[in-house]
Protein chains: 2
Amino acid sequence: MTTTENVTGPIPSWDPYARGCPSRDLLDQIGSKWAVLVLGELGKHGACRFTQLRHRLAGVSEKMLTQTLRTLERDGLVLRTVHPEVPPRVEYELTALGQTLRGPLKALTEWSVRYVEEVLTAREEYDGRAVKRPSS
Amino acid sequence: MTTTENVTGPIPSWDPYARGCPSRDLLDQIGSKWAVLVLGELGKHGACRFTQLRHRLAGVSEKMLTQTLRTLERDGLVLRTVHPEVPPRVEYELTALGQTLRGPLKALTEWSVRYVEEVLTAREEYDGRAVKRPSS
DNA sequence: CCGTATCCCCCATGATACTG
DNA sequence: CAGTATCATGGGGGATACGG
């Protein structure tokens with residue numbers, strides 16, 4: 001990706017699997033707990049208000065929701081629109097860039113849904129073997 | 001927060017975006033920092049030894065690598081083979097189930113590589129606006 | 001309604017040392 | 001070589017209270 005970014009120093013083409021790689025950091029960002037959920041919701045329903053979002057993602061604290069939304073906004077993935085009304089109304093939606101994430105994210109979430117059973121089975125199997133050691 | 005906590009009973013069709021959802025937990029697992037890297041490496045190079053892997057993922061501690069590999073093994077995504085030789089040799093490789101993850105994971109990593117520039121730009125823009133307030 | 005500010009806990013992660 | 005054991009820490013993340 002030969003990122004000729006304004007990084008401090010001449011950075012050789014970044015290895016996506018190397019430490020400190022920007023794209024790796026980005027991956028961690030969007031793959032974080034709440035970011036996936038927020039992106040998923042906004043991808044499914046379109047524009048959404050703060051409280052609305054908070055209600056859908058049952059269990060998220062205001063702090064984490066705000067923090068997540070801010071990060072996503074800063075990354076240019078989510079658009080935040082403040083309507084100058086007397087009871088404040090703020091709406092969040094995916095930007096064009098954010099839309100490009102829907103596919104990859106969908107692929108991953110669908111994988112987890114599809115194979116969760118097999119994984120659960122594998123775990124039981126593993127745990128079972130761990131208990132009774134094959135006697136020598 | 002009236003969240004459907006981990007009910008130890010008959011599980012209704014889980015909402016992939018709900019709290020305590022197994023597939024969500026799984027997603028967090030495989031999306032975690034080192035898991036992505038390990039899966040990526042094993043997907044690229046095939047069978048790999050512990051130290052070899054550790055060297056490729058520059059920066060990982062023995063502890064985290066072991067822990068990550070154990071979890072992946074338990075989940076049935078990675079196969080661990082111990083060769084009964086005098087200097088211990090252990091090889092790790094993706095299972096069939098693990099292989100099914102390559103596609104989705106690849107999609108995500110490629111997205112992060114492809115759009116990292118735009119995200120970086122968006123951040124600068126955002127930070128720039130944050131400094132000089134538009135009005136007053 | 002939409003946040004920000006604080007406090008605080010706990011666990012993920014890292015560093016180090018030891019073992020089979 | 002391939003781990004396990006132990007200790008230290010820092011920041012993710014929750015609860016709560018307050019502000020615009």
Side-chain angles (χ1 to χ4, degrees), chain A residues 19-20 24-25 27-38 41-42 47-74 78-93 126 130 133 136, chain B residues 1-3 5-6 19-20 24-38 41-42 47-75 78-93 126 130 133 135-136:
Chain A
R19 209 190 160 136
R24 256 301 301 169
D25 295 342
L27 190 55
D28 278 343
Q29 270 292 348
I30 61 176
S32 73
K33 184 174 178 175
W34 297 116
V36 190
L37 296 180
V38 168
E41 279 303 317
L42 293 181
C48 193
R49 300 182 61 175
F50 185 85
T51 307
Q52 200 175 359
L53 209 47
R54 193 188 167 202
H55 187 255
R56 289 210 187 121
L57 311 181
V60 67
S61 65
E62 293 185 356
K63 178 183 157 185
M64 290 317 297
L65 182 53
T66 301
Q67 192 177 93
T68 303
L69 285 169
R70 282 294 174 283
T71 304
L72 293 175
E73 185 194 0
R74 190 173 101 105
V78 161
L79 177 64
R80 177 173 179 264
T81 310
V82 183
H83 296 85
E85 302 174 358
V86 67
R89 183 163 60 97
V90 182
E91 288 193 317
Y92 295 92
E93 60 190 314
Y126 182 93
R133 303 304 298 162
S136 52
Chain B
M1 209 68 350
T2 53
T3 53
E5 286 303 338
N6 59 351
R19 202 186 165 148
R24 257 301 300 169
D25 295 342
L26 176 56
L27 190 55
D28 278 343
Q29 270 292 348
I30 62 176
S32 73
K33 184 175 178 177
W34 297 116
V36 188
L37 296 180
V38 168
E41 279 304 317
L42 293 182
C48 192
R49 300 181 61 174
F50 185 85
T51 306
Q52 201 176 358
L53 209 48
R54 192 187 168 203
H55 187 254
R56 290 210 186 119
L57 310 181
V60 68
S61 66
E62 294 185 356
K63 180 181 158 186
M64 289 318 297
L65 183 52
T66 300
Q67 189 175 307
T68 303
L69 285 169
R70 281 295 176 284
T71 303
L72 292 175
E73 187 195 359
R74 191 173 100 105
D75 285 355
V78 162
L79 177 64
R80 177 172 178 264
T81 310
V82 183
H83 296 84
E85 302 173 357
V86 67
R89 184 162 60 95
V90 181
E91 288 194 317
Y92 295 91
E93 60 191 313
Y126 182 92
R133 303 307 300 165
S135 56
S136 80

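Only a predicted model underlies this, so the values are computations on that prediction, with no experimental measurement involved. Excluded from the calculations below are hydrogen atoms, water molecules and symmetry mates; all remaining heavy atoms, backbone and side chain alike, are included. A, B, ... follow the sequence lines: proteins, then strands. Residue 1 opens every chain.
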Rounded distance (Å) that lies between atom [atom2] of [N] and atom [atom1] of [X]:
{"X": "A:L65", "N": "C:dA5", "atom1": "CG", "atom2": "P", "result": "16 Å"}
{"X": "A:K33", "N": "D:dG12", "atom1": "NZ", "atom2": "C1'", "result": "10 Å"}
{"X": "A:M64", "N": "D:dG11", "atom1": "CE", "atom2": "P", "result": "14 Å"}
{"X": "B:R54", "N": "C:dG14", "atom1": "CZ", "atom2": "P", "result": "12 Å"}
{"X": "A:H55", "N": "C:dC1", "atom1": "NE2", "atom2": "P", "result": "12 Å"}
{"X": "B:Q67", "N": "C:dA12", "atom1": "CD", "atom2": "C1'", "result": "8 Å"}

Counterpart residues, side chain to side chain contact (heavy atoms under 4.5 Å, CB included), relative to [X] (two or more places apart):
{"X": "B:L79", "value": "B:T81, B:E93, B:T95"}
{"X": "A:R49", "value": "A:Q52, A:R89, A:E91"}
{"X": "A:S32", "value": "A:A35"}
{"X": "B:V82", "value": "B:R80, B:V90"}

Would you compute the distance between atom [atom1] of [X] and atom [atom2] of [Y] and round it to the nearest 0.5 angstrom?
{"X": "A:K63", "Y": "A:W34", "atom1": "NZ", "atom2": "CH2", "result": "13.0 Å"}
{"X": "B:L37", "Y": "B:L53", "atom1": "CG", "atom2": "CG", "result": "9.5 Å"}
{"X": "A:Y92", "Y": "A:L65", "atom1": "OH", "atom2": "CG", "result": "7.0 Å"}

### Task
Apply the test side chain to side chain contact (heavy atoms under 4.5 Å, CB included) to residues A:T66 and A:F50: give CA-CA distance (whole Å), side-chain angles for both, the deciding distance (0.1 Å), then the verdict.
CA-CA 9 Å; A:T66 301; A:F50 185 85; 3.6 Å; yes
### Contact state string [nucleotides 1-8 of chain D, B base, S sugar-phosphate only, - no protein heavy atom under 4.0 Å]
BSBB-BB-
### Summary
With five pairs defining each end axis, the helix from C:dC1-D:dG20 to C:dG20-D:dC1 comes out bent, to 10°, by 50°
